[in-house]
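Chain letters run A, B, ... following the sequence lines, proteins first and then strands; every chain starts at 1.
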There are 4 protein chains.
Amino acid sequence: MSGLRIGAIVAACAALCAAIVLPAARPAAQSTPQAPASLANDPKLIEDLVYANRILYQQDVLDGFGHVSVRSDKDPTHFLMSRSMAPALVTSNDIMEFDRDGEPVDAHGRNAYVERYIHAAIYRVRPDVKAVVHSHSPDIIPYSVTGTILRPVYHMSAFLRLGAPIFDSQEGFGDTDMLIRDNKLGDALAKVLGNSSVALIRGHGFVAVADTTPIVVHRAIYTQMKNARVQTEGMKLGAIKYLTPGEAVKAQAIVEATVGRPWELWKSRVGKIQ
Amino acid sequence: MSGLRIGAIVAACAALCAAIVLPAARPAAQSTPQAPASLANDPKLIEDLVYANRILYQQDVLDGFGHVSVRSDKDPTHFLMSRSMAPALVTSNDIMEFDRDGEPVDAHGRNAYVERYIHAAIYRVRPDVKAVVHSHSPDIIPYSVTGTILRPVYHMSAFLRLGAPIFDSQEGFGDTDMLIRDNKLGDALAKVLGNSSVALIRGHGFVAVADTTPIVVHRAIYTQMKNARVQTEGMKLGAIKYLTPGEAVKAQAIVEATVGRPWELWKSRVGKIQ
Amino acid sequence: MSGLRIGAIVAACAALCAAIVLPAARPAAQSTPQAPASLANDPKLIEDLVYANRILYQQDVLDGFGHVSVRSDKDPTHFLMSRSMAPALVTSNDIMEFDRDGEPVDAHGRNAYVERYIHAAIYRVRPDVKAVVHSHSPDIIPYSVTGTILRPVYHMSAFLRLGAPIFDSQEGFGDTDMLIRDNKLGDALAKVLGNSSVALIRGHGFVAVADTTPIVVHRAIYTQMKNARVQTEGMKLGAIKYLTPGEAVKAQAIVEATVGRPWELWKSRVGKIQ
Amino acid sequence: MSGLRIGAIVAACAALCAAIVLPAARPAAQSTPQAPASLANDPKLIEDLVYANRILYQQDVLDGFGHVSVRSDKDPTHFLMSRSMAPALVTSNDIMEFDRDGEPVDAHGRNAYVERYIHAAIYRVRPDVKAVVHSHSPDIIPYSVTGTILRPVYHMSAFLRLGAPIFDSQEGFGDTDMLIRDNKLGDALAKVLGNSSVALIRGHGFVAVADTTPIVVHRAIYTQMKNARVQTEGMKLGAIKYLTPGEAVKAQAIVEATVGRPWELWKSRVGKIQ
């Protein structure tokens, strides 16, 4: 299929999506949906955010659901994230700005993800975090529901050295719809995350955080596709010798310093974005 | 390969298929095979049915076998389904109408799936059901032959909360060819299904039902690719904490309310249909 | 990539291959390599054989190795098979004719697969067999080396009802290079195969046989991708209820009568062949 | 996407990569980055090296990380390898020459892989080795961290007959960043490798060696995708009957003599390279 044709389909889908997504918790102003004013001082921040959406779909971390955000560089209490739509179809025009409470600053008639409070809550308490991914990856779910601890099996996932604590909404919130749909749930999740790079959400998925967009993409990919699968297979073979704490600190530093190498590859596979 | 070329191949295949499929149980009238008169008041019903065929192939729920149907909106005792052919190749011209007994209303020389009685039987006793998928998905078969209960591992498959009962034709019908090839077998399967969203068929596959086409597609995908695989892996790691009944009711409601989001993605990946 | 471009690459590769394959056991006549005279009365026999090569590659049954043959309809003691090359690149010009001893009738300077004796031996003792596939499929190897019996888990693989006996060259031939490289080894394998549809070869792969090309392709695909994977997963969950002998006889008859349906799909995915 | 477009993206990415990779251990001369003078007498050596990079990415042996090298035919104490970049994007202009200590001969402002000492150390002590692959393949990691011995399950991986010893940097070097980042670590790895074709690196990956580029690609593919997966599955089914030493010697000889067959297939799937 030609690039033009894919472009046309994507554009058509983006238009269709607008009509079917969930209403935002706060009613959007009745302005015409147009391209918003500059959301960031650095246009590369939004470009990388769009790439992150597309890459995480192509690498099977996200499917029709899940989302990725970045902290605003204009107002560090705010963050940027797509309107409610499939990540694979996101363009720069779909990026919205959210305030510290997770509410849209200027919705332009667009709807927001129900679970934007995951992002808001983490940005509030983790000033070091500049980017957040939330995924329902099937490879992670077994760990979230059995209490098996996800640990760094090899240098590529050394960022798991602080563990991947499990947030279970049943404790403290009882029977919910499993979504992180308000700031109370968000705060509880952020508390469980603590200083870790990854937290699992029981019967739901995981969240990964980092201080750059390429690194959060790396962590999301290597959490699920690589470490979870490798650890699952390894546990069937015998007792695993994980990275020692000392190895993990050093390995994380060098691996994440070279993340530009896979980042360029991932972008090249996505192709040109809008 | 260009879209034009794929189109040509698809058209050629459709023609070829006509000559090789099984004869319908009731001999078709000797009319010329032309596009039938309008089968539904809403053309979107047929368009979505064609998309469902293509999506379920692309998402590995169907291969050369399996089928998907929708209840007619013109005559709610009737249903619409492709003639007997591979779902990946279905176009709107291939959609036939079937009566409440599962017999073609106007075959135009086209042949019907042997197992259309699965659909007929369910539409007869489940007025809430508007769409049905039948698949031989390899990920489901292990559950159908070991009696392991498929249960909701995470919010995306909360629709499994009523269980996925197993129909075994050996009980009551003895040694058959394993196909649901008449209304007696269909009725027995529908009885096992009861009010559930999914039933497994021992040594054969599964059936998923829903009240819209996008939701039945969602359920078919998340039954097999997601829940079955996740549960299988989780059971190897330890005791699984499944969704509680209360969580499952709430999670199903919110997830299925947002099915438009993956539906647009799935459609965009299939591309333009005929 | 355009169809034209793929065509050019394929043609170039075919030319390159001629220089690097193994010499045939019997030196080829020094004729110029040209398209051979008609090998079959029915040109569809060769067309289907080329499709079978391409389909089995696309369906992951064959990779750079493995082969597929059909019995000649001009001389039923002979069979047709590609010269020694990767199945994915085979065109009608690469099809050679072999005599009942597995030797090329008219090599035209082309080289033959070392293991052509698998095919010759089976055609000699199984007059009902019209097509043979040999594969190294990784999904099958675990069964070949652990003695676990491959059995029909569902109706699609009911053809396994006579079992898939294991040929081990160690018994009777000692340490060999594991290839079926002469008629003695071929005869021993054919004896183990008996009247079955499939035989495994220890530490090597499997062979599937049938009386038509589409059915042998179906059996090869459903032996490995489907039944082996399903049975392996099922055995981890619990005791499997396999098809009963009576179910398997009936299910095989109906499934193989509808093989035209997936066959058209598989062909459409391969595209136009030469 | 068209070939032209992919070419453009690849070129753009190659340019971008230059800015972000790690600095080489030895500062590069301040010459302008141009195509280097002929690095090899045989241009096919570099062409095959570029193909090996692309093939190993397409076959899932390498992702954004990992590398492949060949011994120089002009100076057998030197070797050729890409500058530090994702293997999938390598062109002939990216190939650099390294001396026997693993230092760039003429960097032209380009940066080198940190782990080039893996290659240097092996070329120093294994005169029979002409090509080396280093990969982080997830399928191999379970073996590297549990001490399970990788053994030849079938003829295609008979080259594992001398075993795949495990190098653990913890023994002798304590807590490192897990990378083979100097000649001391390289020498220790080469010592563990000994005369084998493959060595595993605990919590990191593996290295495969051979005397031609196609054979090292074959060994890398069949080590991970095939043998590791097959052995893992087989061990779940029961006790595996591996190739005997006598079988393995003979099978390796014949399989590696026919490597030109998959090599042409792998090249055809990569398409035209620069």
Is there a donor-acceptor contact under 3.5 Å from the side chain of [X] to the main chain of [Y]?
X: C/Arg54; Y: C/Val90; value: yes
X: D/Asn227; Y: D/Val153; value: yes
X: C/Asp182; Y: C/Leu185; value: yes

If you compare all heavy atoms of C/Phe173 against all heavy atoms of C/Ala188, which two are closest, and at what distance to 0.1 Å? CE1-CB, 3.7 Å

Sidechain N-carboxylate O distance under 4.0 Å for [X], [Y]:
X: C/Arg202; Y: D/Glu247; answer: yes
X: C/Arg181; Y: C/Asp177; answer: yes
X: D/Asp42; Y: D/Lys44; answer: no

Just to be sure I understand the criterion: a residue of residues 129-151 of chain D counts if one of its heavy atoms is under 4.5 Å from a heavy atom of chain C. Which ones qualify? none

At a heavy-atom distance under 4.5 Å, which candidate from D/Met156, D/Met235, D/Arg229 has the highest pair count against chain C?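 Between D/Met156, D/Met235, D/Arg229, the count favours D/Met156.
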
Do you know which of C/Gly174, C/Gly64, C/Gly203 has the most heavy-atom pairs under 4.5 Å to chain D? C/Gly203

